[in-house]
2 protein chains.
Amino acid sequence: MDMKQVLKKSYAAQASVIKAMAHPTRLLILNSLKKKETCVCELRDLVGDDISTVSKHLLVLKKAGLVAARREGNWLHYRLTCPCVLEFTECIRGLIK
Amino acid sequence: MDMKQVLKKSYAAQASVIKAMAHPTRLLILNSLKKKETCVCELRDLVGDDISTVSKHLLVLKKAGLVAARREGNWLHYRLTCPCVLEFTECIRGLIK
DNA sequence: CATCTATTTGGCGATATGGCAAAATAGATG
DNA sequence: CATCTATTTTGCCATATCGCCAAATAGATG
C-alpha cells in the first residue's frame, strides 16, 4: 500500500471519530459525561428525545470509542473514555464567537 | 430563551463546525493547508477527486469558517483560518492507535 | 418461571450528503 | 470584446442519517 493510501486510511479513521462527535445531542452527552458517569435514563431527561434515539446516539459514540458502559443492576452507566476530545471544543467556540 | 435552549443552540453551532471537519477529504485539505496556502487545482491533484467535488468541500469548510480564500490572478489560494482545530486530531489519533 | 424495569434493536419516512458531469462565472490576456 | 483558465454552481442519483414508534432483550426480583 502506497503512502497516499496510508494517509487516506488514516484520515478516514479520524473522520469517523469526528463524525461521531458532530451532532448537537452527542456533544451534549459528551459534555455531560465529562462531569460524571451517567445512566441512559438520566441522559434521556437531559436530552429530551425518545430514549431509543438517545440509545442510538450512545451506540454511535461507543462504536467510535468515545464512551464506554458499565452495568450496575438495571442501569447502564456511560462514561467518557477520552476526555481530551472536549478540549478541542474550546478552539471551536473561539471560531464561532 | 431558557438555559436549556441556549445550551442546545451552542451545541448546534459547535456541531456544525465539527461536521465540516468530519470527512476524510476535508481533513486532508485542512492538514495540507496547515503547511501552506494552496490553490484549488493543487488540492485537486492531492485529493484526486473531480475539481467540482473539491470545490464543494472547500465551500463546506469556508461556510464553517475554517478556511478563507485569497485571489491571485486566476488562482484562488485557500488558507487555514484557525490552525488550532488540528491540534485536536492528535487526541483523536491517540484514541484510534 | 413470570414479571418488571432499563435499554437496545428493527423498521420506516423524511431529509442531508457526496460524487460526477455539464453549464455558468470571474478575472486575465490577446 | 473574444477567448482562455481556474473555479463555482446546478442537477442528478445513490447512499447515509435522524427521529419516532413498536418490538425484542437483559438482568433483577417476587
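Below, all heavy atoms of this structure are taken into account, side chains as well, without hydrogens, waters or symmetry copies. Numbers restart at 1 for each chain; the letters A, B, ... are given by sequence-line order, proteins then strands. Bear in mind that the values here come from a model prediction, so they are computed numbers and not experimental data.
- Residues A/T81 and B/L95 meet the side-chain proximity criterion, which asks for heavy atoms closer than 4.5 Å.
- B/I51 has its CD1 atom 13 Å from the P atom of C/dA21, to the nearest Å.
- Residues satisfying the side chain to side chain donor-acceptor pair (under 3.5 Å) test with B/E87, not counting sequence neighbours, are none.
- Applying the 4.0 Å criterion to OP1 and OP2 of C/dA6, one finds that A/Y78 has every side-chain N and O outside that range.
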I'd like a table of donor-acceptor pairs (distance under 3.5 Å, sequence neighbours excluded) in which one partner is a side-chain atom from residues 59-67 of chain A, with atom names and distances.
none

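- Nucleotide C/dT7 holds its C1' atom 13 Å from the NE2 atom of A/H77, rounded to whole Å.
- Counting only residues at least two apart or in different chains, side chain to side chain donor-acceptor pair (under 3.5 Å) contacts with residues 43-52 of chain A comprise A/D50-A/S52.
- Shown here are the salt bridge (Lys or Arg N to Asp or Glu O under 4.0 Å) partners of B/K97, two or more places apart in sequence or in another chain: there are none.
- Residue pairs meeting the salt bridge (Lys or Arg N to Asp or Glu O under 4.0 Å) criterion with at least one member in residues 65-83 of chain A, sequence neighbours excluded, are A/E37-A/R70, A/R70-A/E72.
- The nearest pair of heavy atoms linking B/K19 to B/R26 is O-NH2, 3.4 Å.
- For residues 26-97 of chain A, every residue pair satisfying the disulfide (SG to SG under 2.5 Å) rule, not counting sequence neighbours, is listed here: A/C84-B/C91, A/C91-B/C84.
- Protein atom CE of B/M21 is 19 Å distant from nucleotide atom C1' of C/dG18, rounded to whole Å.
- For the pair B/L30 and B/M21, the tightest heavy-atom approach, listed with the atom from each and the gap, is CD1-CG, 4.0 Å.
- The stretch residues 61-70 of chain B has no heavy atom under 4.0 angstrom from DNA chain D at all.
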Protein proximity profile, nucleotides 10-20 of chain D - base contact B, sugar-phosphate-only contact S, no contact -, cut-off 4.0 Å on heavy atoms: BB-----SSBB
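- Annotation: of the two residues near DNA chain C, A/L59 and A/W75, the 5′-most nearest-nucleotide partner is A/W75.
- Between the CD1 atom of B/I29 and the P atom of D/dT7 there is a distance of 12 Å, given to the nearest Å.
- The heavy-atom pair separating B/H57 from B/T25 by the smallest distance is CD2-CG2, 3.6 Å.
- Remark: A/S55 pairs with no residue by the side chain to side chain donor-acceptor pair (under 3.5 Å) rule, at least two apart or across chains.
- Helical stems involving DNA chain C, defined as 3 or more consecutive Watson-Crick or G-U pairs under 3.5 Å, span C:1-30 with D:1-30.
- If you take CZ of B/R44 and P of C/dC20, they are 12 Å apart, rounded to a whole angstrom.
- For A/F88, the ring-ring contact (aromatic ring centres under 6.0 Å, His included) partners at least two apart in sequence or on another chain are B/F88.
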Nucleotides 25-30 of chain C: protein proximity per nucleotide (B base, S sugar-phosphate only, - neither; heavy atom, under 4.0 Å): --BS--
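- In this structure, NZ on A/K34 lies 6.0 Å from OG1 on A/T89, to the nearest 0.5 angstrom.
- Distance B/D45 CG to D/dT7 P: 10 Å, rounded to the nearest Å.
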